[in-house]
Amino acid sequence: MEPRNHTDVSEFHLMRLTEDPELKITFFKLFLSMYLVTVLGNLLIILAVISDSHLHTPMYYFLSHLSFTDICLSTTMIPKILVNIQAQSQSITFTGCITQICFALTFVCWESFLLLVMAYDRYVAICHPMRYTVIMNPHLCVQLILLSLFVSIADALLHSLMVLRLSFCTDLEIPLFFCEVVQVIKLACSDTLINNILIYFVASLFAGVPLFGIIFSYIQIVSSILKMPSSGRKYKAFSTCGSHLSVVTLFYGTAFGVYISSAVTNSSRKTAVASLMYTVVTPLMNPFIYSLRNRDMKGALRKLIGRIPSFL
């Protein structure tokens with residue numbers, strides 16, 4: 001294949017969702033609805049946390065940032081998918097592709113660390129309740145948020161800059177509905193050994209460490225809960241962790257699903273659909289999980305929605 005340096009590459013081509021005009025309309029309405037529900041649902045959680053003084057705690061402070069991350073991740077992915085559904089060409093500019101990769105990596109990595117921070121918050125609340133307010137003070141909460149964001153941005157910039165050093169071939173078809181760093185690297189004609197080593201190392205570090213931390217936290221949490229004498233206290237402790245555990249399962253479950261799908265199937269379309277579950281469905285479901293399983297959040301949302309007519 002004829003090599004082309006990245007300075008000569010003007011665009012990549014993404015996978016087309018469908019050729020059927022009627023299905024295009026259906027898919028457009030579906031993705032638009034999912035995007036609006038994702039933004040509205042997560043925005044309501046953020047506003048509920050801000051407006052209700054009962055939710056001014058570390059757990060809901062972290063939850064509001066998780067909702068903000070979900071809005072940003074959806075905004076990075078879905079608008080371009082909507083444009084491509086309506087367009088004849090499925091192209092994305094080289095700059096647009098690198099930008100999408102950078103933002104997607106930032107928000108995915110940040111969400112992973114936020115889930116770890118939330119697990120640590122539940123660990124302190126259940127295993128060290130008497131010291132909770134001392135340990136999880138506002139200063140530490142802000143530091144944890146900023147540190148996780150800084151690490152996520154550094155990770156995204158590192159991968160994006162490493163892609164810029166590659167040369168590409170004439171085949172510029174990305175077998176997904178959005179730009180993804182691994183698939184872009186596969187299109188390169190130049191040596192990608194360093195890129196691949198970096199991807200596996202960073203993925204092991206920034207996905208493995210948070211997952212291990214979450215598992216360790218919940219082992220300690222379950223151990224502490226089982227030692228509680230009252231069944232009422234046990235239920236209350238478990239209920240405070242239920243929503244977070246559901247979100248963790250959804251986030252990492254869909255991520256592993258994408259990895260397994262790409263490993264066991266030769267169908268690029270099945271892998272592309274699986275990747276949508278990870279990047280689109282997870283941010284959509286998180287507000288429902290927290291609003292349906294959390295009594296305090298349901299009460300705050302009810303109050304917030306009740307105030308809306310007074311502002312109209």
Side-chain angles (χ1 to χ4, degrees), residues 38-39 42-77 98-128 131-162 181 198-199 201-218 240-241 243-245 247-248 251-252 255 279 282-283 286-287 290 297 300:
T38 299
V39 173
N42 284 290
L43 187 59
L44 281 173
I45 286 181
I46 294 171
L47 293 175
V49 171
I50 293 172
S51 63
D52 195 325
S53 59
H54 294 96
L55 301 184
H56 292 175
T57 63
M59 181 176 76
Y60 293 108
Y61 175 72
F62 297 137
L63 174 59
S64 64
H65 283 82
L66 184 70
S67 294
F68 174 73
T69 305
D70 285 334
I71 291 174
C72 293
L73 181 58
S74 295
T75 303
T76 302
M77 299 294 181
I98 298 300
T99 302
Q100 190 176 58
I101 287 172
C102 187
F103 279 105
L105 286 173
T106 298
F107 297 126
V108 168
C109 186
W110 196 17
E111 181 151 351
S112 179
F113 278 107
L114 284 174
L115 291 174
L116 171 61
V117 170
M118 294 171 77
Y120 176 70
D121 172 73
R122 291 299 84 206
Y123 161 75
V124 176
I126 293 172
C127 299
H128 305 284
R131 300 175 57 201
Y132 178 73
T133 54
V134 176
I135 296 174
M136 299 304 297
N137 59 77
H139 185 63
L140 177 63
C141 293
V142 172
Q143 283 184 326
L144 290 172
I145 291 292
L146 293 178
L147 178 62
S148 60
L149 177 59
F150 174 78
V151 172
S152 301
I153 292 173
D155 171 50
L157 287 175
L158 178 61
H159 284 299
S160 302
L161 292 173
M162 289 298 290
V181 64
L198 185 66
I199 284 174
F201 174 76
V202 172
S204 301
L205 184 65
F206 291 160
V209 170
L211 181 59
F212 175 79
I214 291 169
I215 293 171
F216 176 80
S217 296
Y218 273 101
T240 61
C241 300
S243 299
H244 176 258
L245 200 54
V247 170
V248 169
F251 180 80
Y252 284 101
T279 55
T282 300
N286 286 353
Y290 272 99
M297 182 55 67

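Predicted model, so just to flag it, every value in this text is computed and none were measured. Side chains are part of it too, since the values below use all heavy atoms of this structure and drop only hydrogens, waters and symmetry mates. The first residue of the sequence shown is numbered 1, and numbering continues consecutively from there.
A donor-acceptor contact closer than 3.5 angstrom is absent between the side chains of H139 and N137. No side-chain donor-acceptor contact under 3.5 Å links Y290 and S67. There is no side-chain donor-acceptor pair under 3.5 Å between W110 and T69. For the residue pair D121/Y61, the side-chain donor-acceptor check at 3.5 Å is not satisfied. Between the side chains of Y60 and H65, no donor-acceptor pair is found at a separation under 3.5 Å.
When atom types are taken as modelled, the side chain of N42 and the backbone of P283 share a donor-acceptor pair closer than 3.5 angstrom.
Heavy atoms only, all atoms of each residue included: C102 and A156 are closest at O-CB, 3.2 Å. Scanning both residues, A104 and T76, for their nearest heavy atoms gives N-CG2, 3.9 Å. For I45 against P287, the heavy-atom pair with the smallest separation is CD1-CA, 3.5 Å. Here the closest non-hydrogen pair linking I71 and T38 is CG1-O, 4.4 Å. The two residues F251 and V108 have their closest heavy-atom pair at CZ-O, 3.7 Å. Nearest approach of C141 to M136, heavy atoms of both residues: SG-O, 4.0 Å.
Atom CZ of F103 has 12 or fewer heavy atoms from other residues, nucleotides or ligands within 6.0 Å. H56 NE2: more than 12 foreign heavy atoms inside a 6.0 Å radius. Around atom CZ of F68, no more than 12 heavy atoms belonging to other residues, nucleotides or ligands sit under 6.0 Å away.
Paired with F206 under the rule ring-ring contact (aromatic ring centres under 6.0 Å, His included), one option of F212, F113, F201 passes, and it is F113.
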(message) I'd like to know whether L63 forms a side-chain contact (heavy atoms from CB on, under 4.5 Å) with M59, so could you lay out the CA-CA distance, the side-chain angles of the two residues, the decisive distance to 0.1 Å, and finally the verdict.
(response) CA-CA 6 Å; L63 174 59; M59 181 176 76; 5.8 Å; no
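Checked against the 6.0 Å centroid criterion, the rings of F62 and H244 do not qualify as a close aromatic pair.
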